[in-house]
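Structure record follows, encoded as structure tokens.
Chain A is the first sequence line, chain B the second, and so forth, proteins listed ahead of strands; every chain is numbered from 1. Quick caveat, the model's predicted, so the values are computed rather than measured.
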Protein chains: 2
Amino acid sequence: MEGRDSGRAAEDGAGQDVGGTVADVGEFGLIREVTGRQQQPVGTVVGPGDDAAVVSAPDGRVVISTDMLVQGVHFRLDWSSPEQVGHKAAAVNLADIAAMGATPTSLVVGFGCPADTDAAVATGISDGLTAEAARVGAGVVGGDVVRSDQLVVSVTAIGDLGGRAPVTRSGARPGHIVAVCGKLGWAAAGLAVLGRGFRSPVGVVNAQRAPEPPYTAGLAAADAGATAMIDISDGLLADLSHLAEESGVGIDITSESLEVDRKLVDVAGALGADPMRWVLTGGEDHALVATFPSFVDLPQGWRQIGTVLMPDTGVTVDGKPYDGDIGWEHWR
Amino acid sequence: MEGRDSGRAAEDGAGQDVGGTVADVGEFGLIREVTGRQQQPVGTVVGPGDDAAVVSAPDGRVVISTDMLVQGVHFRLDWSSPEQVGHKAAAVNLADIAAMGATPTSLVVGFGCPADTDAAVATGISDGLTAEAARVGAGVVGGDVVRSDQLVVSVTAIGDLGGRAPVTRSGARPGHIVAVCGKLGWAAAGLAVLGRGFRSPVGVVNAQRAPEPPYTAGLAAADAGATAMIDISDGLLADLSHLAEESGVGIDITSESLEVDRKLVDVAGALGADPMRWVLTGGEDHALVATFPSFVDLPQGWRQIGTVLMPDTGVTVDGKPYDGDIGWEHWR
């Protein structure tokens with residue numbers, strides 16, 4: 001189905017539930033169902049249903065990022081609704097585009113699941129993806145649905161720089177300041193809560209299920225002169241280590257500048273955990289951390305948490321190496 | 001690691017085998033290994049290793065397609081080498097870009113595998129991907145590696161239209177001719193051979209393992225005035241049905257215009273199969289089929305196989321509906 005047909009189909013079928021399994025609905029039936037629920041933004045020249053989509057790229061460059069989410073590794077359907085899984089699959093990719101100082105324009109989605117998967121799970125994931133993309137004006141312009149033993153959602157996001165230079169990980173220089181925008185440690189707290197079998201407090205649990213990255217803060221940081229930026233997917237210290245390595249600098253974080261929300265303190269108290277560990281090493285909130293020249297007025301929502309130092313000091317907290325694992329690595 | 005570093009790393013480590021499992025090498029070690037083996041084309045502004053890649057999009061529009069390959073569904077490692085799996089994962093996506101009349105510029109790759117997967121499998125798949133992309137001048141500019149129970153390779157390809165209008169599935173009109181470029185039925189024959197436990201003849205077996213779509217024929221067709229085009233992934237009749245439906249036309253194929261290669265006849269004879277069925281319904285060769293105005297001189301390699309008819313006749317062979325399943329659908 002082409003983009004021009006999507007609007008019409010959306011009027012006919014949007015939001016209705018589909019019954020049965022994906023095998024009952026069929027590959028092409030499922031594609032019709034999920035593409036029929038969407039409206040495409042004006043930048044979508046050719047939408048879902050052709051060999052490939054065509055999307056406007058006014059800057060003359062495109063920003064591209066891809067992330068794969070696997071059931072049991074990145075999400076659990078007994079912890080999250082299908083819509084939350086779709087939301088998360090979109091958010092982790094959109095945050096990467098934001099971290100380059102770009103605006104997301106479109107997503108494509110690879111979706112694998114067993115034949116006996118409820119069709120409503122597939123359409124729910126698609127609805128969550130589409131809704132989160134729409135929040136930033138991006139369309140889900142294409143995809144692929146296949147059979148697999150395990151549920152897999154693989155998203156690629158495309159973004160436009162609007163004439164800006166991309167903000168990479170390599171531009172931090174000694175003397176710059178380090179600032180963050182967005183939540184730290186909430187998703188890690190949520191994971192700890194869910195792991196103990198609880199479903200509340202809903203604030204931290206939903207932070208894990210459906211992160212809310214500060215998308216527009218990436219653009220604001222780029223416009224304010226950010227010299228390097230990264231989205232926090234593995235953990236603040238882990239991702240700052242990537243940035244420090246690429247920039248060839250050291251970074252020191254001041255722990256007292258890291259506000260630990262009352263909610264995290266309460267949850268940590270109930271679970272016997274250290275809330276500062278969640279803040280420093282918890283991933284999956286997809287906050288943005290960036291470096292700026294010291295004279296910059298930080299944009300709204302950004303707060304200074306540290307400074308860039310000379311090379312070879314690594315990433316330190318209050319001048320000392322952090323004691324413990326700094327973040328997530330697969331297969332370990 | 002950024003694009004500017006890739007060349008240096010490639011000199012240090014290209015083509016060397018890595019020992020152990022992906023868990024031994026680690027997520028970041030594997031990423032270093034596979035990105036270090038690549039050279040990036042000039043259009044890659046920011047290569048692998050940042051939150052997102054940045055790629056030149058000179059046309060002001062980009063073409064995007066995604067396909068997911070799952071072990072046991074789309075490939076088997078006892079049938080194909082890791083390099084062939086990577087080749088195939090690239091080819092199926094690059095063919096979709098070609099089928100729009102565009103030139104592939106870049107790929108991103110989502111890769112999931114169990115912790116005990118040989119690291120050489122992962123690097124072999126990456127090498128195959130990179131080599132096939134390089135054949136058309138495209139770079140592998142980014143990716144994601146995750147843990148999964150089943151080996152999954154999810155590729156997204158980006159292409160540039162070079163000022164051309166995209167050739168969609170919807171422009172065929174009655175009186176146009178139908179033409180094809182590339183192999184038909186070879187991959188299906190190869191699958192039949194592999195399924196019986198044989199590994200030869202190598203021509204048909206390799207067509208299944210590592211298809212060779214006629215990438216540049218898509219561009220030539222667009223320049224010659226193709227009115228609709230699709231790559232044959234599900235089977236000639238199945239994909240022509242998609243094209244006919246989107247264009248609102250009927251299509252008749254003339255079976256005697258379909259050359260059945262001697263090799264296919266021989267293999268079919270040995271297996272007691274019908275070679276014409278492979279030609280009409282076999283997918284995975286990723287030949288291109290397109291419609292053209294009847295006055296067009298077909299570009300090199302394209303051969304007429306049928307004509308476009310008035311709506312509602314469906315897709316027929318020698319004027320009659322085809323007797324049997326016309327192609328592949330997942331979960332069925």
Side-chain angles (χ1 to χ4, degrees), chain A residues 2 22-23 26-28 45-46 49-68 70 73-74 96-97 99-100 102 106 108-112 115 141-150 152 154 156 158-159 161 166 168-170 230-231 246 329-332, chain B residues 2 22-23 26-28 45-46 49-68 70 73-74 96-97 99-100 102 106 108-110 112 115 141-150 152 154 156 158-159 161 166 168-170 229-231 246 329-332:
Chain A
E2 295 222 284
V22 294
E27 176 184 353
F28 297 114
V45 181
V46 176
D50 220 296
D51 289 75
V54 181
V55 175
S56 178
D59 177 81
R61 300 165 296 176
V62 286
V63 180
I64 316 166
S65 183
T66 193
D67 274 299
M68 183 182 276
V70 176
V73 179
H74 302 91
D96 282 323
I97 301 297
M100 300 300 284
S106 48
V108 293
V109 186
F111 179 77
V141 299
D144 187 27
V145 297
V146 301
R147 179 161 53 85
S148 61
D149 295 341
Q150 196 176 13
V152 180
S154 186
T156 301
I158 303 284
L161 284 160
T168 67
R169 299 177 177 181
S170 60
I230 190 169
D231 99 295
E246 290 298 329
E329 181 162 0
H330 272 287
W331 304 313
R332 281 282 158 85
Chain B
E2 296 218 282
V22 294
E27 176 183 355
F28 298 113
V45 180
V46 176
D50 221 296
D51 289 75
V54 181
V55 175
S56 178
D59 177 81
R61 300 164 297 176
V62 286
V63 179
I64 316 166
S65 182
T66 194
D67 274 298
M68 184 182 274
V70 177
V73 179
H74 302 91
D96 282 324
I97 301 299
M100 301 300 284
S106 48
V108 293
V109 185
V141 299
D144 187 27
V145 296
V146 302
R147 180 162 53 87
S148 62
D149 296 343
Q150 197 177 13
V152 180
S154 186
T156 301
I158 304 284
L161 284 161
T168 67
R169 299 177 178 182
S170 61
M229 184 154 50
I230 189 168
D231 98 294
E246 291 298 328
E329 181 162 0
H330 272 285
W331 303 314
R332 283 279 159 83

Among [options], which residue has the highest count of heavy-atom pairs closer than 4.5 Å to chain A?
{"options": "B:Ser106, B:Pro58, B:Ala57, B:Ser65", "value": "B:Ala57"}
{"options": "B:Val70, B:Ile158, B:Asp231, B:Asp149", "value": "B:Asp149"}
{"options": "B:Val108, B:Thr156, B:Val55", "value": "B:Val55"}
{"options": "B:Gly60, B:Ser56, B:Gly143", "value": "B:Gly60"}

Original post:
Can you name the salt bridge (Lys or Arg N to Asp or Glu O under 4.0 Å) partners of A:Asp51, sequence neighbours left out?
Top reply: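 Counting only residues at least two positions away or on another chain, A:Asp51 forms a salt bridge (Lys or Arg N to Asp or Glu O under 4.0 Å) with B:Arg169.
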Original post:
Is it true that a side-chain atom of B:Asp50 and a backbone atom of A:Thr168 form a donor plus acceptor pair closer than 3.5 Å?
Top reply: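 Pair absent, no side-chain N/O of B:Asp50 close to backbone of A:Thr168.
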Subject >> Which residues share a side chain to side chain contact (heavy atoms under 4.5 Å, CB included) with A:Ala102, sequence neighbours left out >> reply: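 Checked A:Ala102 against side chain to side chain contact (heavy atoms under 4.5 Å, CB included); matches are A:Val63, A:Ile97, A:Leu161.
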**OP:** Quick one: do B:Asp96 and B:Asp67 satisfy side-chain contact (heavy atoms from CB on, under 4.5 Å)? Show the steps, please.
**Re:** CA-CA 9 Å; B:Asp96 282 324; B:Asp67 274 298; 2.8 Å; yes
Original post:
Do B:Val152 and A:Ser148 have side chains that get closer than 4.5 Å, going by heavy atoms?
Top reply: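 No, too far: nothing below the 4.5 Å cut-off.
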**OP:** Quick one: which of A:Ile230, A:Val141, A:Asp59 has the most heavy-atom pairs under 4.5 Å with chain B, could you say?
**Re:**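 Counting heavy-atom pairs under 4.5 Å, the top option is A:Ile230.
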